[in-house]
Amino acid sequence: MSAASERAVEAVLFASAEPLSLDSLRAYVGEGDGGSDIRASLAALAERYRGRGVELVERGGRWHFQTAPDLAHLLRRDREEVRRLSRAGIETLAIIAYHEPVSRAEIEAIRGVQVAKGTLDVLMEAGWVRPAGRREVPGRPLTYATTPEFLSHFGLRSRRDLPGLDDLRAAGLLDPVDLAFEQLAVEKDADDD
Amino acid sequence: MSAASERAVEAVLFASAEPLSLDSLRAYVGEGDGGSDIRASLAALAERYRGRGVELVERGGRWHFQTAPDLAHLLRRDREEVRRLSRAGIETLAIIAYHEPVSRAEIEAIRGVQVAKGTLDVLMEAGWVRPAGRREVPGRPLTYATTPEFLSHFGLRSRRDLPGLDDLRAAGLLDPVDLAFEQLAVEKDADDD
Amino acid sequence: MSDAPEQLTLDLEGWEGPLDLLLSLARAQKVDLREISILALVEQYLRYVERARVLQLELAADYLVMAAWLAYLKSALLLPRDPEVEPDADELALRLQLRLERLDAMRDAGARLMARDRLGRDAFRRAAPEGLRVVRKAQWTADLYGLMTAYGRVSARSRPVMHVVHDREVMTLEAAIARVAALVGSAIDWRAIEAFLPEQASVALRRSALASSFLAALELARQGRVELRQEAPFAPLYLRRPAA
């Protein structure tokens with residue numbers, strides 16, 4: 001890693017209106033002294049900015065600078081408040097994020113109510129959810145998944161950073177009821193023996 | 001000057017859409033430990049960012065971050081796209097190659113169609129055509145000629161390598177379409193007999 | 001309707017369907033959902049719906065469907081287990097509990113997600129980035145053959161049209177009229193128009209002669225100097241001297 005490469009990556013990320021992937025950064029900065037140069041520069045910059053008023057963060061394989069969250073109180077004034085999601089919107093978003101890709105019917109099975117027409121629209125309009133192909137089962141239902149903007153917005157490096165994901169998975173709470181039920185029946189039989 | 005004030009000023013300047021005056025900064029960051037706090041923070045930040053990919057600059061009493069001017073070239077990226085010349089483009093190029101130096105009016109007289117401004121621009125952008133001085137006639141029209149890149153792109157050692165009219169005629173490239181068509185019709189009749 | 005506090009607690013507007021209501025009731029039991037008493041939950045729900053009915057609140061159909069199903073579940077749970085009935089009541093209760101756990105987990109996950117440091121609320125991107133530009137540069141291409149055909153095309157289009165039809169013989173209309181008039185003068189019987197064409201002629205000349213002779217025949221017929229006969233469109237065309 002060279003100081004020149006670090007400066008270049010810093011300038012390009014500062015100037016960019018969008019978070020940038022390694023590939024995009026390479027297209028602007030050039031290969032430099034080697035392919036790993038940019039990765040090393042990013043690591044050095046993240047270290048340099050740690051604890052400052054501005055931080056370098058990685059979100060879904062893309063990097064950007066943002067202000068330190070603990071300074072939010074200084075910056076919120078006369079700024080448009082982030083749009084408030086309805087409860088249905090929040091739950092639907094959480095279900096998609098923790099189960100993706102997931103079909104509308106699967107979302108409805110978890111929530112116990114129909115997904116209102118506008119709910120998915122709002123999430124897609126916000127840029128947090130996208131159609132993620134059809135499932136190859138009868139009816140070929142469309143599935144949904146989250147986007148890189150979802151990770152950026154909620155400050156997640158990757159989906160693995162979703163709060164409580166590991167616990168939920170370990171507890172089987174991300175499995176469909178049928179599967180969980182069978183699992184429990186097997187355990188019960190084993191206990192009975 | 002406190003580290004907290006420096007972080008705050010850094011975040012506020014970063015997140016601001018416009019350069020900020022001392023007063024504006026004070027409105028966001030607060031007075032802190034004293035009026036001189038912000039001024040000291042700005043000085044410390046300017047020092048910290050000196051020589052980096054991003055710089056803190058003052059213009060007319062207002063402060064903002066900008067990417068280092070010497071790295072401006074990184075902020076643009078060229079992407080090459082292979083494109084075929086349009087019919088008008090290649091005809092105009094052919095006329096220039098066979099008749100150079102030739103004015104736009106002469107090209108139009110030979111083509112029988114107006115030459116759009118964009119057509120000559122494309123040929124010059126491609127590097128195949130250059131302005132070749134003005135003709136000393138009324139109106140002093142600009143003339144055009146081909147370039148060495150033209151010769152190398154088309155695999156010619158010199159313009160004398162261009163096939164002459166006799167070569168074109170022998171290759172059947174000079175036959176007007178209607179004559180060639182009549183020829184075909186007569187041959188067909190002969191075949192029928 | 002006069003009992004205001006009661007009505008408040010029965011405000012069904014706030015629930016998103018029966019499962020949502022059930023989960024709220026379950027949470028009110030203040031135990032881990034895995035420890036919950038389904039029987040108690042069922043009773044709570046039925047009591048709720050019953051009170052709504054007493055107060056003449058309008059209940060959506062799905063609340064009533066759930067109530068009917070829960071009433072069935074309750075009786076099944078209370079009655080001695082019948083091995084013939086599948087699925088048995090414990091199984092149904094367990095499934096209900098699993099559904100509540102899953103909805104609860106997602107509700108909790110959603111709340112934790114919303115509480116994160118969110119971009120545009122807690123953290124901010126640079127408001128006025130210089131922006132990155134992609135400059136599209138065209139790499140133009142063309143080949144020598146294209147150049148040659150283009151020049152051929154232009155030359156053919158613009159060259160003074162020297163349509164010297166040097167190798168082409170034609171029979172003019174005047175010549176055809178003279179020829180047909182002379183030949184028909186000696187013809188008593190119908191003769192096909194082809195008989196009026198020169199015999200020793202090239203293909204091109206015969207085509208020209210046929211066209212001219214046809215026009216000549218029409219002109220002579222108009223003048224009353226020849227009679228024409230044709231059985232059908234495109235049938236052979238016959239000519240003869242007028243009868244008298």
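Chain letters run A, B, ... following the sequence lines, proteins first and then strands; every chain starts at 1. The shown structure was predicted, so the numbers you read here are calculated from the model rather than taken from an experiment.
Within a 6.0 Å sphere centred on CZ of R157(A), other residues, nucleotides and ligands contribute 12 heavy atoms or fewer. The number of heavy atoms from other shown groups lying within 6.0 Å of OH (Y49(A)) is above 12. Atom CD of Q114(A) has 12 or fewer heavy atoms from other residues, nucleotides or ligands within 6.0 Å.
For the pair R116(C) (side chain) and F154(A) (backbone), a donor-acceptor distance under 3.5 Å is present. Judged by distance alone, the side chain of R126(C) and the main-chain N or O of F14(A) form a donor-acceptor pair under 3.5 Å. At distances below 3.5 Å, not a single donor-acceptor pair connects side-chain atoms of R95(C) with backbone N or O atoms of V177(A). Remark: the backbone N or O of R118(C) is not paired with any side-chain donor or acceptor of H153(A) at under 3.5 angstrom.
Side-chain contact between R107(C) and R87(A) is present, with heavy atoms from C-beta onward closer than 4.5 Å. Residues L113(C) and F150(A) form a side-chain contact, since some pair of their non-hydrogen atoms from C-beta on lies under 4.5 Å apart. A 4.5 Å side-chain heavy-atom check between L132(C) and V12(A) finds at least one atom pair inside the cut-off. Between L119(C) and R59(A) there is no side-chain heavy-atom pair separated by less than 4.5 Å. With contacts defined as side-chain heavy-atom distances shorter than 4.5 Å, the pair M114(C)/L93(A) qualifies.
Taking CZ of R102(C) as the start and CD1 of I95(A) as the end, the distance is 12.0 Å to the nearest 0.5 Å. One distance of note links CD of E108(A) with CG of L19(C); it measures 13.0 Å at 0.5 Å rounding. Taking CG of D122(C) as the start and CG of D70(A) as the end, the distance is 10.5 Å to the nearest 0.5 Å.
The choice from R99(C), E91(C), E101(C) that makes the most heavy-atom pairs within less than 4.5 Å of chain A is E91(C). Options S16(A), G89(A), S152(A) differ in how many heavy-atom pairs under 4.5 Å they form with chain C, and the most are formed by S16(A).
With a 4.5 Å cut-off on non-hydrogen atoms, E18(A) touches chain C through its backbone but not through its side chain. In this structure, the portions of L103(C) lying under 4.5 Å from any heavy atom of chain A include both its backbone and its side chain. Using a 4.5 Å cut-off between heavy atoms, D167(A) does not touch chain C at all. For R133(C), the part lying near chain A is the backbone, with the side chain staying farther off; criterion is any non-hydrogen pair under 4.5 Å. Interface remark: D20(C) contributes side-chain atoms only to the contact with chain A (heavy atom separation under 4.5 Å). Interface remark: L20(A) contributes side-chain atoms only to the contact with chain C (heavy atom separation under 4.5 Å). Contacts of P19(A) with chain C are made by both backbone and side-chain atoms, with heavy-atom separations under 4.5 Å. Only the backbone of A109(A) comes within contact range of chain C, with at least one heavy atom under 4.5 Å from a heavy atom of that chain. With a threshold of 4.5 angstrom between heavy atoms, A180(A) approaches chain C through its backbone and through its side chain.
Taking both residues in full, the closest heavy atoms of P69(A) and D117(C) are given as CB-OD2, 3.1 Å, listed atom of the first, atom of the second, then distance. Closest heavy-atom contact between A17(A) and P129(C): CA-CG, 3.8 Å.
A side-chain contact (heavy atoms from CB on, under 4.5 Å) with M106(C) is found for one member of T92(A), L173(A), L174(A) and no other, namely L174(A).
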